[in-house]
There are 2 protein chains.
Amino acid sequence: MRTGAGDRIDTHTGYMLVRLGVAAAALFDDALIPLNLRGRHVKVMGHIHDGTPSQQDLCRLTGMDRTTMVAVVDDLERLGHARRERSATDRRKHVVILTAEGAAALTEALRLLAEAQEELLSPLPAAERDQFHDLVSRLFAARAGE
Amino acid sequence: MRTGAGDRIDTHTGYMLVRLGVAAAALFDDALIPLNLRGRHVKVMGHIHDGTPSQQDLCRLTGMDRTTMVAVVDDLERLGHARRERSATDRRKHVVILTAEGAAALTEALRLLAEAQEELLSPLPAAERDQFHDLVSRLFAARAGE
DNA sequence: CGCCGGTTATCAGTAGTGCTGACTATCAGT
DNA sequence: ACTGATAGTCAGCACTACTGATAACCGGCG
């Protein structure tokens with residue numbers, strides 16, 4: 001967009017980045033439809049695969065709101081992918097546990113997500129995909145504190 | 001996240017891309033707060049800077065919904081950045097016109113957005129910023145039809 | 001001319017989202 | 001026992017973007 005005497009202000013990289021992010025999110029959400037899951041469910045399942053955190057722990061790990069976490073764990077329980085149990089050491093807490101079906105669903109979900117990512121990045125040859133991964137990682141890492 | 005016998009399924013690039021997109025959107029929206037604008041307003045102002053499209057034209061150009069466009073043009077009119085006029089050739093249409101104040105606001109908005117993008121990309125040295133721009137452009141272009 | 005299907009802009013109502021605030025149960029410290 | 005803090009839950013709110021209905025207007029056709 002021209003705004004002055006021939007000089008061009010670039011806001012395109014950021015704009016395209018926003019749009020790509022939205023497209024990627026939609027692609028991922030679509031990929032998970034067959035499993036009746038959203039990205040956030042997979043994220044949570046990933047964490048309860050590695051341990052048995054409380055819902056509060058999950059909030060800290062994922063940055064999600066506590067009330068949203070209630071709904072996500074509700075969903076996972078309803079689907080049989082996880083269950084809640086009162087913590088033995090602190091009865092305020094619900095530890096969240098991945099079931100066997102949940103583990104299977106997680107594996108399948110990751111496969112579907114990897115497929116979707118493959119589609120997203122398919123316009124780039126392998127070497128440049130690595131480059132892209134590297135650059136994105138560095139930008140992402142730089143914002144880690146936020 | 002490990003899911004099997006040592007093999008690692010990468011869904012990180014896409015995930016980080018989504019998060020970066022969200023962060024960029026937030027950065028851009030924040031940058032525009034002093035002008036009481038959102039990204040979509042600037043997008044629309046950009047188009048009415050280049051011509052005098054109808055609201056319907058703007059919908060086609062931006063991909064926004066017709067009802068959302070009403071609100072956006074309402075905002076721009078209220079701020080004095082644009083005004084509506086009945087088209088002389090088709091009195092169903094409202095052509096949207098950028099005012100002098102709107103043009104000034106657009107310039108300032110683009111400056112603020114460029115600043116925000118500079119901050120976003122600041123973790124990368126100039127050469128790699130160009131690389132990143134190139135890669136993002138190509139992924140973006142590949143999705144143009146959607 | 002008068003009718004009619006299609007288009008433009010608008011508004012009300014709706015569904016989905018994520019959050020705040022209130023509430024209960026529980027903990028740790030006094 | 002009393003106090004302040006924390007975990008989980010729920011109702012309600014604010015925001016978003018949309019669907020559907022409406023009024024004004026266009027172009028064409030009998």
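Just so you know, these numbers come straight off a predicted model, no measurement behind them. Within every chain, numbering begins at 1; the chains are lettered A, B, ... in the order of the sequence lines, protein sequences first and strands thereafter.
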Exercise for the section: For D:dG27, take OP1 and OP2 only and decide whether either is under 4.0 Å from a side-chain N or O of B:R92. Expected result: no
Exercise for the section: Considering just the side-chain nitrogens and oxygens of B:H94, establish if one lies under 4.0 Å of OP1 or OP2 belonging to D:dA24. Expected result: no
Exercise for the section: May I ask you to say what B:R86 touches in the nucleic acid, namely base, sugar-phosphate or nothing, with a heavy-atom cut-off under 4.0 Å? Expected result: nothing
Exercise for the section: Would you classify A:R66 as touching base, sugar-phosphate or nothing, given that sugar-phosphate means primed atoms plus P, OP1 and OP2, and contacts are heavy atoms under 4.0 Å? Expected result: base
Completion exercise
Whole-Å distance, A:D74 CG to D:dA11 C1', equals 15 Å
Problem - Spacing of A:Q55 atom CD relative to D:dT9 atom C1', expressed in whole Å - result: 9 Å
Problem - Within-4.5 Å side-chain heavy-atom neighbours: A:M45 and A:L37 - result: yes
Practice task
Establish, with yes or no, whether the OP1 or OP2 oxygen of D:dA23 is under 4.0 angstrom from a side-chain nitrogen or oxygen of B:R91.
Solution key: no
Practice task
For B:I48 and B:I97, work out which heavy atoms get closest and say how close.
Solution key: CD1-C, 4.3 Å
Handout entry: Any A:R84 side-chain N or O less than 4.0 Å from OP1/OP2 of D:dT9
Key = yes
Exercise for the section: Dump the intermediate steps for side-chain hydrogen bond (donor to acceptor under 3.5 Å, both in side chains) on A:T13 and B:H133, then the final yes or no. Expected result: CA-CA 6 Å; A:T13 308; B:H133 176 86; 2.5 Å; yes
Completion exercise
Between CZ of A:R40 and C1' of C:dC19 the distance, given in whole Å, is 12 Å
Handout entry: A:Q56 vs D:dT6: side-chain N/O to OP1/OP2 distance below 4.0 Å
Key = no
Exercise for the section: Round to a whole Å and report the spacing from CG of B:D57 to C1' of C:dT7. Expected result: 12 Å
Practice task
With heavy atoms under 4.0 Å as the rule, sort A:D90 into base, sugar-phosphate or nothing.
Solution key: sugar-phosphate
Practice task
Tell me what A:S87 touches on the nucleic acid: a base, only sugar-phosphate, or nothing, going by heavy atoms under 4.0 Å.
Solution key: nothing
Problem - Salt bridge B:D134-B:R138, side-chain N to carboxylate O under 4.0 Å - result: yes
Problem - Nearest-angstrom distance from the residue atom NZ of A:K93 to C1' of D:dT9 - result: 17 Å
Handout entry: Counter-base of C:dT30, judged by Watson-Crick or G-U geometry with both distances under 3.5 Å
Key = D:dA1
Completion exercise
When A:A88 and A:T67 are each assigned the nearest nucleotide of DNA chain C, the 5'-most assignment goes to A:T67
Handout entry: Rounded interatomic separation in angstrom, taking CD from A:E77 and P from D:dG8
Key = 12 Å
Problem - Nucleotide nearest B:D65 (side chain, heavy atoms from C-beta), chosen from C:dT8, C:dC11, D:dC18 - result: D:dC18
Practice task
Indicate yes or no: does A:K93 engage A:E85 in a salt bridge with an N to O separation below 4.0 Å.
Solution key: no
